[in-house]
Amino acid sequence: MKIGFIGLGNMGGPMAANLATAGHAVTGFDLTAPCPEGVTVASNAAECATDVDVLITMLPNGAILRSVANEVMPALKSGAAFLDCSTVDVESARAVADQANAADVLALDAPVSGGIGGAVAGTLTFMVGGSDAGFSLAKPLFDIMGQKSVHCGPSGNGQAAKICNNMILGATMVATCESIALADKLGLDRQALFDVVSTSSGSSWSMNTYCPAPGIGPQSPSDNDYTPGFAADLMLKDLRLSQQAAQSVDADTPMGKRATELYASFVEDEGGNGRDFSAMLPRFEKRGRT
Ligand code: NAD
């Protein structure tokens, strides 16, 4: 396929490289990031979108996505697909999809989980919103860039799946960290706690796979002084998107709300910016009840 790729940062760069390595003709554009090897440089977004079968975007937020969509939509050919893999608000995803549909372009929102490691290794999970035709067209690309893709329904539902997943993750990581810090104060050995919880009803991905306590469980960012991994500021971004979405549909999400408040304090006032999101554990270790 002829593919355009806009947003060649930490995630987009390796994703574009994997598509080129698999034999697709990939043209890339970014305001600042360099083009990976095997990807042809375009001089602007519209040029990147011209004559491609699929245009992929991997951008920081919904406002930037909307502005890039305005630039590229007139350049896309009829029947092409606009595949946005960024994490953005549901409203922006649906607005861009409406704009694409009006231009006879297939729209897909397909945010990912798996982080930079998954982007490099081609093992991302894609959560996809859009039509059956769009999903079928993009499926071979998901299979190159990732190991799993789930069609979640119409446009916006990929973003909805992403923020629901990450709201669970944020709240669960907070609960896991506060439990470990409580266990410390109760004189309970961390390894013993892990051995119990990881095989009991308190188990979760946060404890079992990504344990926030160094030296316990499989290797995780805690074993590397909490170098991300999944940065706390990206978790805060996703939690804020979850609360924006909850507000828009009048959903009561008290745990998501509290997790958002805690990550906001952590990132903005407590030195959490640039650290892995599991560095909530040393934060709790240092604190008392008030
Ligand atoms: P990044 O900041 O490394 O990359 C974004 C790129 O977009 C940058 O290189 C920037 O120059 C480029 N860009 C911004 N505006 C542009 C424009 N108008 N035209 C062209 N290029 C433009 O961010 P990232 O870590 O690659 O994340 C990208 C998206 O993936 C975000 O939505 C993020 O929430 C999501 N995500 C990131 C991770 C992660 O671990 N990094 C995991 C899952 C999802």
Side-chain angles (χ1 to χ4, degrees), residues 4-18 26-36 39 41-49 55-73 75 82-93 96 109-128 142 145-149 158-167 169-170 173 205 210 220-221 224 226-242 244-245 263 267 273-278:
F5 206 118
I6 300 178
L8 302 166
N10 289 320
M11 298 290 291
M15 290 163 72
N18 285 337
V26 186
T27 303
F29 175 67
D30 192 293
L31 293 178
T32 54
C35 236
V39 175
V41 191
S43 52
N44 56 56
E47 184 186 308
C48 191
L55 179 73
I56 304 177
T57 47
M58 193 53 167
L59 296 163
N61 59 48
I64 294 175
L65 170 67
R66 285 179 192 240
S67 109
V68 168
N70 286 336
E71 285 178 67
V72 299
M73 221 54 91
F82 184 118
L83 167 57
D84 177 47
C85 297
S86 330
T87 303
V88 303
D89 55 289
V90 176
E91 212 176 312
S92 291
V96 167
D109 53 292
V112 302
S113 98
I116 299 166
V120 173
T123 56
L124 295 168
T125 295
F126 290 86
M127 298 149 245
V128 190
F142 296 141
M145 297 184 285
Q147 61 186 0
K148 191 171 170 69
S149 50
Q159 298 296 347
K162 167 86 185 175
I163 57 175
C164 288
N165 180 74
N166 281 18
M167 191 171 79
L169 177 60
M173 182 54 83
W205 186 87
Y210 205 90
S220 69
N224 191 21
Y226 296 100
T227 304
F230 184 39
D233 49 306
L234 283 178
M235 172 49 83
L236 176 59
K237 171 191 169 180
D238 294 356
L239 284 168
R240 283 187 165 143
L241 289 175
S242 78
Q244 188 182 335
Y263 274 102
V267 168
N273 198 15
R275 305 194 82 195
D276 189 75
F277 85 117
S278 61

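Each ligand, and each atom within it, is numbered from 1 in the order the structure gives. Counting from 1, the numbers follow the sequence of the chain as shown.
Among residues two or more places apart in sequence or in another chain, the ring-ring contact (aromatic ring centres under 6.0 Å, His included) test is passed with F126 by F142. Y263 meets the ring-ring contact (aromatic ring centres under 6.0 Å, His included) test with no other residue; sequence neighbours excluded.
In E91, the CD atom is not crowded: 12 or fewer heavy atoms of neighbouring residues, nucleotides or ligands sit closer than 6.0 Å.
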For residues 57-65, run the donor-acceptor check on the side chains, cut-off 3.5 Å, and write out each pair with its distance to 0.1 Å, sequence neighbours left out.
| residue | atom | partner | partner atom | Å |
| --- | --- | --- | --- | --- |
| T57 | OG1 | D84 | OD1 | 2.7 |
| N61 | OD1 | A63 | N | 3.1 |
| N61 | OD1 | I64 | N | 2.9 |

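Protein residues are said to neighbour a ligand when one of their heavy atoms lies under 4.0 Å from it; for ligand 1 these are I6, G7, G9, N10, M11, F29, D30, L31, T32, A33, M58, L59, P60, I64, V68, S86, T87, V112, G115, I116, K162, L234, K237.
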- Task: Might you work through the side chain to side chain contact (heavy atoms under 4.5 Å, CB included) test for L124 and Q147, ending with a clear yes or no?
- Result: CA-CA 6 Å; L124 295 168; Q147 61 186 0; over 6 Å; no
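I163 pairs in a side-chain contact (heavy atoms from CB on, under 4.5 Å) with only one of the listed residues (L239, V90, D89), which is V90.
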